[in-house]
Amino acid sequence: MESQEVMTLLSESNETPLSARQSPDDEDHPKEKCGVFGIWGDGDASRKTALGLHALQHRGQEAAGIVSFDGRRFHAHRDMGQVSAIFGKEEVMIGLKGKGAIGHVRYSTTGGTAQRNIQPLFAELAIGGFCLAHNGNLTNAASVRDRLVEKGAIFQSTADTEVIVHLIARQHGKTMVERLMAALLQVEGAYSLVCMGNDCVIGVRDPLGVRPLVLGKHGKSYIVTSETCALDILGAEFIRDVEPGEAIVLNEEGLTSIKPFPASPHRFCVFEYIYFARPDSCLGNRSVYAARKQIGMELSRESPVAADAVIPVPDSGVPAALGYSEESGISFELGIIRNHYVGRTFIEPAQRIRDFGVKLKHNANRAIIEGRRVILVDDSIVRGTTSVKIVQMVRAAGAREVHMRIASPPTVYSCFYGIDTPERSELLASRMSEAQMAQYIGADSLAFISIDGLYRAMGLHGRNNLHPQFCDACLTGDYPIKLSDRNARRNQNTPDGQLSLLSEFA
Ligand code: AMP
């Protein structure tokens, strides 16, 4: 028996796609950090997908969804909130029948309750039902969308991902895979996609491989997912990264690899190592934890300072602080304690509430801090809100000196490839010199790792060794994929800054 909450989508029917039911006035943001998971040929496909999404929860806490396929029908369940709350209900899981499933976790710091954008998206195409989960951001979505709307297309969400669905619907290939590939040749941007039709799951990575996607195997079933931690939770075997520009098709015959795009230099997002991926994941043959620790060690070599304790800003500053401490010989101390029970959805984007959020999240450990010279290590400074609060808090707890060390170069540019960053004007490092920033956050000294130091820590000899091997646009302004929509807006003399699909189309 099916639960009422689980929508069953008849692939033969003309049932209205889910997104049509959803509120048209939600705020949304085009640049979402997300996690994806797909599995084919497994009797427990949706349960394994739910577990995989749980492991990917750090990639998105705002909403989650799963679509399964039972050989005849698609079943979907999507909701706002965290994976354990949405999929921890037996009545929901019972409804998600079938041996194929894909899932998505979604993050948006803009705080909109955008039900209509919860993925996986689903559409009835001429060739059958099709669902799609996307991590990344398309940089020509607005122009493709304009073109499609002019021809009569009716969009149901503000998500850039929906243009892919519309493009697939217009292709004429014999199989879903052919149609998907033909559609992807028309989009620009960063994408790791996991899709499902009525005979396969497909995982695809954009030609530059900006966002992660890995391949694994559990029993006889193959899995494509954002990070290896989603394989570990299942005890699944990690096979390899999906290569940039590669599509992996999982079906009854097993696994097929296709390379439909012209070869490009690979540009995996360096910020995945700095902040975003889980430290127990291994991406691009590198342990994320080991990379962060090495960055901390290099930071200590580049910017040493006499002090009594190295204190991480938890949790994301912990591996770099361990590296800094190991290299400097200064003891590592938990001088700031994080409250793990603060829901991220509670932290709304308005500055007023963000300020409050930081206080809710961290507390200074006076016993460690009082009367001491401390080095605070964090992974990055975005708007500077966290640093200001943390430095104030540590001083109030009696620190004699406060030195801030940041395990990334200054974040000076916005990301248009799937990591949510504010407009350039809100990035502290785009408005201030390092000395001004030190003064602003109230630290006795402030230092960031250099870009060459970052790459030395990653085992490369500087950024320009061979060619940039990573996308580091947020640090250097070197955008490896065309920003067609943004350039079009600039040419129309609209204000500089982030593209907003909502303002374009709502
Ligand atoms: P801020 O307070 O705006 O300077 O943000 C800096 C903090 O946010 C750091 O402690 C990071 O761990 C974290 N952070 C870095 N990048 C992001 C991002 N894209 N989204 C959310 N948090 C981030």
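Numbering of ligands and ligand atoms starts at 1, following listing order. Hydrogens, waters and symmetry mates play no part in the numbers below; they use all other heavy atoms, side chains included. Because the structure is predicted, anything quoted here is derived from the model rather than measured.
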Specify side chain, backbone, both or neither for [X], according to which of its non-hydrogen atoms lie closer than 4.0 Å to ligand 1.
X: F271; result: side chain
X: S316; result: side chain
X: T386; result: both
X: T385; result: both
X: V382; result: both

Notebook entry, point to check: Between F470 and Y455, does the ring centre distance come in under 6.0 Å?
Noted result: yes

For ligand 1, which atoms have a heavy atom of [X] less than 4.0 angstrom away?
X: D379; value: 9 (C), 10 (O), 11 (C), 12 (O)
X: D420; value: 18 (C), 19 (N), 20 (N)
X: I419; value: 19 (N)

Next item on the list: Return each pair, listed once, that meets ring pair (Phe, Tyr, Trp, His ring centres under 6.0 Å) where at least one residue sits in residues 283-337; pairs must be two or more places apart or across chains.
Entry: none

Note to self: Tell me if the NE2 atom of H266 is crowded by more than 12 foreign heavy atoms within 6.0 Å.
What the structure shows: yes

Next item on the list: Return each pair, listed once, that meets salt bridge (charged side-chain N to carboxylate O under 4.0 Å, His left out) where at least one residue sits in residues 311-321; pairs must be two or more places apart or across chains.
Entry: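 Listed once each, the pairs are D315-R338.
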
Next item on the list: Please report the C-alpha distance between Q119 and H134 in whole Å, then the side-chain angles of each, then the deciding distance to 0.1 Å, and finally whether the side chain to side chain contact (heavy atoms under 4.5 Å, CB included) criterion is met.
Entry: CA-CA 8 Å; Q119 296 190 25; H134 174 203; 3.6 Å; yes

Check: For S387 and ligand 1, does the shortest N/O to N/O distance drop below 3.5 Å?
Finding: no

Check: Could you state the interatomic distance from CD1 (I223) to OG1 (T49), rounded to the nearest 0.5 Å?
Finding: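 Taking CD1 in I223 and OG1 in T49, the distance rounds to 8.0 Å.
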
Notebook entry, point to check: Which is closest to atom 17 (C) of ligand 1 in terms of heavy atoms, Y107, F276, Y275?
Noted result: Y275

Next item on the list: Flag this pair as yes if the NZ/CZ of R145 is under 6.0 angstrom from the six-membered ring centre of F155 and inside a 45 degree cone about the axis; otherwise no.
Entry: yes

